[in-house]
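Remarks on the structure that follows.
Numbers restart at 1 for each chain; the letters A, B, ... are given by sequence-line order, proteins then strands.
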There are 2 protein chains.
Amino acid sequence: MAQKLSTPDTNQTDLDQRKASILEAVVAEHVDTAQPVGSTSVAQNAKLEVSPATVRSEMVTLERQGYLAQPHTSAGRVPTDKGYRYFVDHLKSGKLGTAKQQQLSDFFATVRGEVEDVLEQTSMMLTQLTNYTSVVLGGSSSNAPIVSVQLVNLDAHHQLLVTVFSDGTVLKHSVFVDFEAEHTDVAEASKQLNALLHGTTISDRVQVPSRQDDVATMVRESVAVLHAEQPTREGEQVFITGSSKVAESIDGVDNVRNVLALLEQELVVVSMIEEVLAEHVAVKIGSENQLEPLASCAVIVAPVTIEGETIGAVGLLGPTRIKYSELMATTRSVSEHLTKHFEGDR
Amino acid sequence: MAQKLSTPDTNQTDLDQRKASILEAVVAEHVDTAQPVGSTSVAQNAKLEVSPATVRSEMVTLERQGYLAQPHTSAGRVPTDKGYRYFVDHLKSGKLGTAKQQQLSDFFATVRGEVEDVLEQTSMMLTQLTNYTSVVLGGSSSNAPIVSVQLVNLDAHHQLLVTVFSDGTVLKHSVFVDFEAEHTDVAEASKQLNALLHGTTISDRVQVPSRQDDVATMVRESVAVLHAEQPTREGEQVFITGSSKVAESIDGVDNVRNVLALLEQELVVVSMIEEVLAEHVAVKIGSENQLEPLASCAVIVAPVTIEGETIGAVGLLGPTRIKYSELMATTRSVSEHLTKHFEGDR
DNA sequence: TCTTAGCACTCGGTAGAATTGACTGCTAGT
DNA sequence: ACTAGCAGTCAATTCTACCGAGTGCTAAGA
């Protein structure tokens, strides 16, 4: 940082051919070995026909420009977050191994059941496929229209409101009243609720009866409790699997602890992934993540869309030292399969 | 309170007063410091008026009997699982600090919402209170009678069966038919299902119509899919919180990984806890656990019962080096609060 | 017989010195 | 512009010596 003379490097996002190759070689080897990479192995490994000395001087430049870093003076180089970023941005989109491709196809060919189950199993399969923590997000039910509403008597003062959405989501809410509800009144309220809410979404406001009798009260209570549902969050379906992989892929006990603690807060995970989605980025590397604990992690995200609308997402969490090409391809492929799967349902 | 008085035991299960005190002192100090405990500190700490030399010779005996172990020749002693077991069995049931007592009361005074939410929040609060991983189990819905069944049309070939149980549990199942279902037929099937299943439990078999028309087919399908539900497992509600605490309380990366991996398998956790419940034991220590990965863990379990019937459980997972007295009291207290909470609902 | 003081012994942990080896940066020569 | 060669740096490793916590044993006292 002290002296920077001839090259105003802030903006140049392109490296010449040779530097790019060197950077790529460093990333490749470091991902593989988890060790700092020295000039000799780069000179051999990258098929540049130059001597280590030349590589060294290039590396000095790369380090000045912030793509590489040295753990200590006499060690090899390690890619910085910026280095990984360059690597990822200039990655020609990788292909998935046919074995894995097959495995994925098989999985999606045989999987069935409720949406939740499919999402959860997808997450598990992604974890199993990659050996990293996987997150699968299902869209919130706030947008789906209501297909059916039913008020069920549990006991005199306590009813259960069961709401079914067109996408198959079911929500339940307790409703309490301070009078003793008659069975017939509950049935009537149920009927009225159905008439009132059928076809609306949870964010639509509806006209409720203002009468003061028991039935009207129950209807009002029910609508209120349903609309109190947080449209963005509560309905979200989040499936996080393979948290234990964190322990083996991230190093440093503290790091592990922090990441695990973060993964326990579903809301945080959801908003993190949504944020990445919003930026239309596929990968967040290390410090690019806003969240402190993820400073040593890479997050890969792929959206699940139907007709241009994002209804979910597939995410993968690992260390920055990760096989980007392969894992991005895997994640993308899973999200595509999911998309197709749900399109087929329509 | 929950003392065990039976077990004649093959080995001599009783230690003389002095040995017991020494064992207790070793446990106490080791729990506190995580270090092997030497004869001198025991001699001082336990209010025995004997010299370290005497303590040493007693310790030799205790080691022969399997209550203590030496990490290496010139180190102090550490309690074995058997040692902890003796300690726990002879523990006079501890009291809960008033601060925590208050915190618990406050929590249960203010908590409300669906059963699931209460259970989950309870688990979170237990984690927060103890700094260990907590598990809360809600009983399966298999025993509760069905209050309402509804078949909802999602699209022509695809219906959703929504079942409400008297305890407020809601289950949903997809039903597929190979004809195009009429709305009126679905409504009729729904009505018949209600008549058929109302008041039964999931494990009751019912007489289904054998006719071949659409309505009867849907009824048959629905009943089949509902009864296919695993009575013991699927309905279980499991809430595991604070997995990240594993990383800070258990040592050895491998250990951490294994325990975390185990915690991800809800079924395994459930059956493990149910097993402990079945044995009417409050604590499982180290190798007493059947599960390999828990060899270095202690599990504390307390049942939640209503009218003598076990409807759930509260569990705590930590290292064997744990404050048994306090944590057993806490766990028991939480389970009692939960019991009271649900009794109040009835 | 039980207890205790004393003593020799064991062995993990730590601290320091020496060595190794994987790198680098620099320079001078092609 | 490239490269060979060289001196320098520093983490990691090994070795040594040593400390100290804690033991087991023994012999003497109650």
Among the nucleotides D:dG24, D:dT9, D:dT3, which one has an atom lying closest to any side-chain atom of A:T73? D:dT9
Counting only side-chain heavy atoms from C-beta out, which of D:dC2, D:dG24, C:dT4 sits nearest to B:T54? C:dT4
With a 4.0 Å cutoff (strictly under), does any side-chain N or O of [X] reach OP1 or OP2 of [N]?
| X | N | result |
| --- | --- | --- |
| B:S39 | D:dT23 | yes |
| B:R18 | C:dT3 | yes |
| B:S74 | D:dA21 | no |
| B:S51 | C:dT3 | no |
| A:R77 | C:dT24 | yes |

Take atom [atom1] of [X] and atom [atom2] of [N], then tell me their distance rounded to the nearest Å.
| X | N | atom1 | atom2 | value |
| --- | --- | --- | --- | --- |
| A:L68 | C:dT24 | CG | P | 11 Å |
| B:I22 | D:dT23 | CD1 | P | 11 Å |
| A:L48 | D:dA1 | CG | C1' | 15 Å |
| A:K19 | D:dA1 | NZ | P | 11 Å |
| B:N45 | D:dG22 | CG | P | 13 Å |

Could you tell me whether A:Q35 contacts a base, only the sugar-phosphate backbone, or nothing, with contacts defined as non-hydrogen atoms closer than 4.0 Å? nothing
Residue mapping more 5' on DNA chain C - nearest nucleotide basis, B:R56 or B:H72: B:R56
Reading DNA chain C from 5' onward, which residue's closest nucleotide shows up sooner: A:M59 or B:E58? B:E58
Do the charged groups of A:K19 and A:D16 touch, with an N to O distance under 4.0 Å? yes
I'd like to know if the side chain of [X] reaches the main chain of [Y], judged simply by a donor and an acceptor atom lying under 3.5 Å from each other, with no hydrogens or angles considered.
| X | Y | value |
| --- | --- | --- |
| A:S333 | A:A329 | no |
| B:T127 | B:Y132 | yes |
| B:T80 | B:Y67 | yes |

B:G76 or B:A53, whichever maps to the more 5' nucleotide of DNA chain D: B:G76
Does the side chain to side chain contact (heavy atoms under 4.5 Å, CB included) test come out yes or no for B:V281 and B:V301, once each step is laid out? CA-CA 8 Å; B:V281 184; B:V301 178; over 6 Å; no
